[in-house]
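Numbers restart at 1 for each chain; the letters A, B, ... are given by sequence-line order, proteins then strands. Only this structure's heavy atoms are used, side chains among them; waters, hydrogens and symmetry mates stay out.
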Protein chains: 2
Amino acid sequence: MVTTNRYSIGVDLGGTNLRAAAIDSDGKQLGKSSGKTNLREGREAVIEDIVLAIRALRDEFGQDKLAGIGVAVPGFIELKKGLIVGSNNLPAFDGFPLRDDLSEKLGKPVILENDANAAALGEKWLGAGQDVNDLVLLTLGTGIGGGIISDGRILHGFVGMAAELGHMTVIPGGNPCGCGNEGCLEKHASATAVASMGRLLHLGDNPTSKDIYQIAMGEGEDAKKARHVFELMGTALGIAIGNLINIFNFPLYLLSGGPLPAWDLFAPAIFREVEKRSFTYRNTKTRIERATLGGEAGLYGAAYLPFQCSGELKRAET
Amino acid sequence: MVTTNRYSIGVDLGGTNLRAAAIDSDGKQLGKSSGKTNLREGREAVIEDIVLAIRALRDEFGQDKLAGIGVAVPGFIELKKGLIVGSNNLPAFDGFPLRDDLSEKLGKPVILENDANAAALGEKWLGAGQDVNDLVLLTLGTGIGGGIISDGRILHGFVGMAAELGHMTVIPGGNPCGCGNEGCLEKHASATAVASMGRLLHLGDNPTSKDIYQIAMGEGEDAKKARHVFELMGTALGIAIGNLINIFNFPLYLLSGGPLPAWDLFAPAIFREVEKRSFTYRNTKTRIERATLGGEAGLYGAAYLPFQCSGELKRAET
């Protein structure tokens, strides 16, 4: 594939998968590579895989048109230092200066970003948020990540730890969380939380959130219980999103992640709660919707970062 | 008083008091007028009082150096239309195009702003937030208002209703609120909420929050009960501020309003809750402090608006 546009390379470094893509300034994916994150072989092996993937794309599409490189990673980012801090999924990278290390090996500036922040930016660029400048994304997975786009840009906070939305307290005294708190949103509404609630209700020995969804789509007592689980999940999400609406008055709140197919089971509880808990929701055209880029959002957002940083894509910020 | 600087006129239109001040670009107060908000005599009388107050200051300090006029009002603001919407304190102004009406009468552009937003901006300009660009202010009064300063500017949301922080749900199923919700922050932590909790504990027939404070500073069973009230207040504030820290990762969270003298009674509960509920708080230098401008914050913030709008005071945005 040949492009006359400038392009950038986005990398999504997950605990399981490592993906890289060359994406041009129109958002067209020129090329892509996907592999596993070989954490077993150590940090250096993973970094080598990242470098090789980026080099392969750069060699294919040319150094001269490469606007830059963005890397999305799970965990907190200390922005100024370019460090990953406290990532459960990438323990070997905890405190490691990944930005500068990659930049040195590639001879090119690298922008490091939290994966949920990158996903929110991706949705704003090419997904469900194209028509707005302000949105909040919640990613439902093992935990719950968050990304906030304010005036077209990621809201970072002063260290880079903003949008830890999975740790909003929705039920004081609720389920205990590894972060030391009780009642965190992610302990009541993540895929893992759905599975846990299912197990408490004896819906299988070690069910996944997908199992609970399958049971909920059936009939009988177990189906009722499984639907109740999604009802509880939606209630927790509704409390959190109601708060976010009262705080931000943004036009768009997006949800993404594994449990999205169960939307019809949990979304009614979200709408019921926000209707009750937010005067702003009741009186403005506020939308709560499914994100549309799925697992690609972070990759696209990572690729968007160099364009935004250089100001090349101002026109995309409507 | 003579100034060689440009100045602006800030107005704080409250449900009880109407104040106006001429403030120069260094933040020096050149002149001020204070009076009552004569709601009984109708909206037009109040508007005439505003216009007279502004004209008096303008005549004193000169039309040529006047940068503009900012007006802080309680209630939601529809920014684009310049309307006050749903103000409990100024029902006569509900839906009234105050911005354009004042602007027409004065022959000068007017900027309308929510009072808590203006107070947050005032604290950023001349108060406790001078050294930061990002802060959240909670004003504790009859209700709880909020103002969010992001990158030196008021965060408005897409309609202008952002920062309704008093209506964050802190205790799902908690005290009922006039907004239709249960467990709103302001029903657990405002001056009114303190008074209500005191009444429930039989600390007087119709105590004010100040009465509860006086009782708490004494001894015996009633003092214990009164201190428990502030403990509950601090707990609710801590849940809310913990969430705000997890959402924004801003360096500074400020509290202002009547109950501030009771700081030592409610602040320990705030710190305990945020310590528990926010990984970000535990790992960053996040400050939770008292605002310093008191009742003047909104007036100063209103005066700052024309300077910021014109870009004259860019240097003040460190």
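Listed in order of number, the residues of residues 231-247 of chain A that approach chain B to under 4.5 Å between heavy atoms are A:Ile239, A:Asn243, A:Leu244, A:Asn246, A:Ile247.
Comparing A:His167, A:Glu164, A:Met161 by heavy-atom pairs within less than 4.5 Å of chain B, the highest count is held by A:Met161. Contact tally against chain A (heavy-atom pairs below 4.5 Å) for B:Thr280, B:Val159, B:Leu165: the top residue is B:Val159. Of the listed residues (B:Ser278, B:Gly173, B:Cys177, B:Pro251), the one with the most heavy-atom contacts under 4.5 Å to chain A is B:Pro251. Options A:Met168, A:Arg277, A:Lys276 differ in how many heavy-atom pairs under 4.5 Å they form with chain B, and the most are formed by A:Arg277. Counting heavy-atom pairs under 4.5 Å between each of A:Lys285, A:Glu275, A:Glu182 and chain B puts A:Glu182 at the top.
We find the CZ-CG distance between B:Phe76 and A:Asn283 to be 7.5 Å, quoted to the nearest 0.5 Å. If you take CG on B:Asp134 and NE2 on A:His156, they are separated by 12.5 Å, rounding to the nearest 0.5 Å.
Within the structure, the ring pair (Phe, Tyr, Trp, His ring centres under 6.0 Å) test picks out the following pairs touching residues 229-255 of chain B (sequence neighbours left out): A:Phe248-B:Phe248, B:Phe248-B:Phe250. Applying the salt bridge (charged side-chain N to carboxylate O under 4.0 Å, His left out) definition to pairs two or more places apart or across chains, none involves residues 237-252 of chain B.
Applying the side-chain hydrogen bond (donor to acceptor under 3.5 Å, both in side chains) criterion to A:Thr286, with sequence neighbours excluded, gives A:Thr284.
Within the 4.5 Å cutoff, the side chain of B:Val170 has no heavy atoms near those of the A:Pro172 side chain.
Residue A:Val136: no heavy atom, backbone or side chain, is found under 4.5 Å from chain B. In this structure, chain A has heavy atoms under 4.5 Å from both the backbone and the side chain of B:Phe158.
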